[in-house]
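On a predicted model such as this, the values are computed, not experimentally measured, just so you know.
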Amino acid sequence: MKKFLAAITLLALLFIPSCAKVSMKDLLQFQNCDYTAKLTTSDENEQIDVDITKDGNTYTFTVDGKYTFVYNGEKWSISYNGLTLPLSGEALKKSLPQKLLDALTSSQSDGWSITKENAGGISLYVCECATRQVKLFIDADTSLPLKIICGGVEFDVVKFEISSSQ
């Protein structure tokens, strides 16, 4: 009987920790959905709002309600005051939309470190990918981003909603 109880205890100790682990595959599930999001960041003098819409493979980034950047999986374009122009990837390399796109499309296999934390009563996962210079703060309950740091720019997520048609 003692051997039986020892075996059950050992099995419980082996399997309980594995149930509590979370993977980047789980935490990046939002990438498989269409969504809308509102983020804010600030430079030295002002707050910058970025609205994001993901519809299939098309990402639309509206910066400060004026400039609309669209990435359709292959090419970038920018619209302002009714004028739309194509953009090269080189022109966007250090832009806010490109940094956000890199963060929001990070692969689960990019070499992440995941820690679980509690901030202000909210349980969250801090996911860091040093190779891509991306840090995601993901709500442990909803698996949606709360904060994104990419390329040295910090974005607070004001709203992140999965489209209802999902």
Side-chain angles (χ1 to χ4, degrees), residues 15-43 47-79 87 89 91-166:
F15 288 110
I16 289 175
S18 66
C19 295
K21 288 186 181 182
V22 66
S23 70
M24 281 312 291
K25 181 179 179 180
D26 297 331
L27 295 175
L28 293 176
Q29 277 301 117
F30 69 88
Q31 292 178 334
N32 300 324
C33 304
D34 293 339
Y35 57 81
T36 59
K38 181 175 184 72
L39 289 72
T40 62
T41 189
S42 52
D43 65 8
Q47 176 177 310
I48 300 169
D49 295 327
V50 181
D51 294 310
I52 303 170
T53 302
K54 178 185 180 277
D55 185 11
N57 290 328
T58 302
Y59 291 82
T60 304
F61 302 88
T62 304
V63 179
D64 274 345
K66 301 176 193 171
Y67 309 99
T68 302
F69 296 83
V70 177
Y71 178 75
N72 67 5
E74 295 177 17
K75 297 180 182 178
W76 280 97
S77 65
I78 183 172
S79 296
L87 290 172
L92 282 162
K93 204 171 224 177
K94 295 184 180 185
S95 70
L96 294 181
Q98 181 64 60
K99 289 177 183 186
L100 282 169
L101 181 68
D102 289 345
L104 293 170
T105 59
S106 296
S107 172
Q108 64 190 13
S109 63
D110 281 338
W112 295 88
S113 66
I114 305 170
T115 57
K116 190 167 186 179
E117 295 182 9
N118 195 322
I122 298 173
S123 181
L124 56 95
Y125 293 103
V126 179
C127 310
E128 190 166 5
C129 179
T131 58
R132 293 195 86 166
Q133 295 182 329
V134 171
K135 195 174 205 179
L136 301 174
F137 298 78
I138 298 179
D139 186 309
D141 294 330
T142 64
S143 295
L144 296 176
L146 296 170
K147 181 180 278 196
I148 300 169
I149 301 174
C150 49
V153 181
E154 186 173 316
F155 296 90
D156 291 315
V157 177
V158 176
K159 174 185 94 167
F160 200 105
E161 294 178 352
I162 301 297
S163 296
S164 59
S165 62
Q166 298 294 312

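Between atom OH of residue Tyr71 and atom OG1 of residue Thr58 there is a gap of 10.0 Å, rounded to the nearest 0.5 Å. Residue Lys66 holds its NZ atom at 11.0 Å from CG of Asp49, rounded to the nearest 0.5 Å. In this structure, Gln108 CD and Leu28 CG are separated by 7.0 Å, a value rounded to the nearest 0.5 Å. Note that CD of Glu161 is 11.0 Å distant from OG1 of Thr53, once rounded to the nearest 0.5 Å.
When all heavy atoms of Cys33 and Lys54 are compared, the pair lying nearest together is O-NZ, 3.2 Å. Taking every heavy atom of both residues into account, Trp112 and Ser106 meet most closely at CZ2-CB, 3.4 Å. In plain terms, the two heavy atoms of Asn72 and Lys75 that are nearest each other are OD1-N, 2.9 Å. Across all non-hydrogen atoms, the minimal contact from Ser107 to Arg132 is N-NH1, 3.6 Å.
Looking at Leu27 and Leu136, their side chains never come closer than 4.5 Å, going by heavy atoms from C-beta outward. Looking at heavy atoms from C-beta onward, Asp102 lies out of side-chain contact with Cys150 at the 4.5 angstrom threshold. No side-chain heavy atom of Leu92 sits under 4.5 Å from any side-chain heavy atom of Ile78. Side-chain contact between Val63 and Pro97: present, with at least one pair of heavy atoms (C-beta onward) separated by less than 4.5 Å. Between Leu104 and Tyr35, the closest side-chain pair of non-hydrogen atoms falls below 4.5 Å. Counting heavy atoms from C-beta on, the side chains of Phe155 and Ile52 never come closer than 4.5 Å.
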Give the C-alpha distance, both sets of side-chain angles, the deciding distance and a yes or no for side chain to side chain contact (heavy atoms under 4.5 Å, CB included) between Asn57 and Tyr59. CA-CA 7 Å; Asn57 290 328; Tyr59 291 82; 5.8 Å; no
Evaluate Thr41 against Leu39 for side chain to side chain contact (heavy atoms under 4.5 Å, CB included), listing each step before the verdict. CA-CA 7 Å; Thr41 189; Leu39 289 72; over 6 Å; no
Quick one: do Val157 and Phe137 satisfy side chain to side chain contact (heavy atoms under 4.5 Å, CB included)? Show the steps, please. CA-CA 10 Å; Val157 177; Phe137 298 78; over 6 Å; no
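A donor-acceptor distance shorter than 3.5 angstrom exists from the side chain of Ser23 to the backbone of Asp26, with no hydrogens or angles considered. Judged by distance alone, the side chain of Thr40 and the main-chain N or O of Gln47 form no donor-acceptor pair under 3.5 Å.
With a 6.0 Å radius and a threshold of 12 heavy atoms from other residues, nucleotides or ligands, Lys159 has its NZ atom above the threshold. In Gln133, the CD atom is not crowded: 12 or fewer heavy atoms of neighbouring residues, nucleotides or ligands sit closer than 6.0 Å.
The ring pair (Phe, Tyr, Trp, His ring centres under 6.0 Å) test applied to Phe69 returns no partner, not counting sequence neighbours. In terms of the salt bridge (charged side-chain N to carboxylate O under 4.0 Å, His left out) criterion, residue partners of Glu154 (sequence neighbours excluded) are, by chain and number, Lys147.
Evaluated for a salt bridge (Lys or Arg N to Asp or Glu O under 4.0 Å) with Lys38, the options Asp64, Asp156, Asp51 yield exactly one hit, Asp51.
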